Visitor: 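I have a structure here, written as structure tokens, and I will follow up with some questions on it.
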Amino acid sequence: MKVTVKYFGLVAEAADKSEEVIELSEVLTASELKKQCLEGLAITDKDSVQIAVNQNLDDAITIKDGDEVALLPPFAGG
Amino acid sequence: MDKKKPKKVFVQGAIPPEKIANSVANHQSKTNIGAHSIFLGQVRADEVDGKTVTAIDYTAYEEMAENVFHEIREAAFAKFDITCAHIYHSLGKVNVGELCLFVFTSSAHRRIAIEATNFFVEEIKAKVPVFGKEIFEDETHQWKVNK
């Protein structure tokens, strides 16, 4: 299945990309996908990164074909 | 009256001070209003390890952010008896001393407007996926985190 992954802020900087489509061969939860996407990236506090699946921040969600996933570092609005 | 319509929150670059005056002027015909409450966020020249912030470059997960802004508006209208509410947030580069957030609520009476503005600001800081790159004078940067 194909999933679109969007990277923001310091995660986009560490990954050196803002978006990619990845192919998943196994069933993953959002939390597992986050771990996989962040692996090898130079990010000090990976626990502070949240994953949104179709804009939903619940990381227990199971990823489905066609989902839009976003890796969100701490918010800094205002 | 216009509380259900999703509104565009993001503006490119700093929010011009004239926008605040114009917003006030636009509400003078609404004579059921007795109080406006305004919050203005201004980019601060923080000092970190001897280096000074000169600007913040804002980015956002825009589609999600616009939806979260809308949810916050809906929650605010359900919670407070406000006449109207407007939010503007910058994207892109905003220099120190310039405005990056403008929250404007109106009500018949002051307490409701003040409480509603406070609610908006706290919700925006906690829930909206906006990211800020603090740029120092030597072009290095760090990523801002809301406290």
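Because the structure is predicted, anything quoted here is derived from the model rather than measured. Residue numbers begin at 1 in each chain, while the letters A, B, ... track the order of the sequences. All values below come from the heavy atoms of this structure, side chains included, with hydrogens, waters and symmetry mates left out.
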Visitor: Do Ile124(B) and Ile87(B) come close enough that some side-chain heavy atom pair is under 4.5 Å?
Guide: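 The answer is yes; the side chains approach within 4.5 Å.
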Visitor: Quick check on the hydrophobic clustering: are Phe102(B) and Phe39(B) connected, directly or via other members, by side-chain heavy-atom contacts under 4.5 Å?
Guide: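 No, Phe102(B) and Phe39(B) fall in different hydrophobic clusters.
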Visitor: Of the backbone (N, CA, C, O) and the side chain (C-beta and beyond), which part of Glu13(A) lies under 4.5 Å from a heavy atom of chain B, both, or neither?
Guide: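 Glu13(A) touches chain B through side-chain heavy atoms alone.
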Visitor: Please flag which part of Gln142(B) lies under 4.5 Å from any non-hydrogen atom of chain A: side chain, backbone, both or neither.
Guide: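 Neither part.
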Visitor: With chain A, which of Gly132(B), Gly41(B), Pro129(B) has the greatest number of heavy-atom pairs at distances under 4.5 Å?
Guide: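 Max contact count across the listed options: Pro129(B).
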Visitor: Classify the ring geometry of Phe104(B) against His86(B): parallel below 30°, tilted from 30° to 60°, perpendicular beyond 60°.
Guide: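 Plane angle between 30° and 60°, so tilted.
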Visitor: Let me know if Lys127(B) has heavy atoms under 4.5 Å from chain A in its side chain, its backbone, both or neither.
Guide: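 Backbone of Lys127(B) only, per the 4.5 Å heavy-atom cut-off to chain A.
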Visitor: Go through the atoms of Val128(B) and report whether side chain, backbone, both or neither lie under 4.5 Å from a heavy atom of chain A.
Guide: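 Just its backbone gets close to chain A.
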Visitor: Using the ring centroid of each side chain, check whether Phe10(B) and Phe69(B) are separated by less than 6.0 Å.
Guide: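 Yes, the ring of Phe10(B) comes within the 6.0 Å limit of the ring of Phe69(B), centre to centre.
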Visitor: Please classify the contact of Ala52(A) with chain B as side chain, backbone, both or neither, using a heavy-atom distance under 4.5 Å.
Guide: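 Side chain of Ala52(A) only, per the 4.5 Å heavy-atom cut-off to chain B.
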Visitor: Heavy-atom distances under 4.5 Å only: say whether Asn67(B) touches chain A with side chain, backbone, both or neither.
Guide: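 The side chain, not the backbone.
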Visitor: By a 4.5 Å heavy-atom criterion (distance strictly below it), what part of Tyr61(B) contacts chain A: side chain, backbone, both, or neither?
Guide: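 For Tyr61(B), the contact with chain A is made by backbone and side chain together.
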Visitor: Should the pair Lys125(B) and Phe75(A) be classed as cation-pi, given the thresholds of under 6.0 Å to the six-membered ring centre and 45° from the axis?
Guide: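 Negative - Lys125(B) is either too far from the ring of Phe75(A) or too far off its axis.
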Visitor: Measuring only between side-chain heavy atoms, which start at C-beta, is Glu98(B) closer than 4.5 Å to Gln42(B)?
Guide: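 In short, these two side chains do not touch, never coming nearer than 4.5 Å.
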Visitor: Please look at Ala65(B) and chain A and tell me whether the side chain, the backbone, both or neither of the residue comes under 4.5 angstrom of a heavy atom of that chain.
Guide: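 Answer is neither: Ala65(B) stays 4.5 Å or more from chain A.
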Visitor: Does a sphere of radius 6.0 Å around CD in Glu39(A) hold more than 12 heavy atoms from other residues, nucleotides or ligands, not counting ones at 6.0 Å or beyond?
Guide: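 No, not enclosed.
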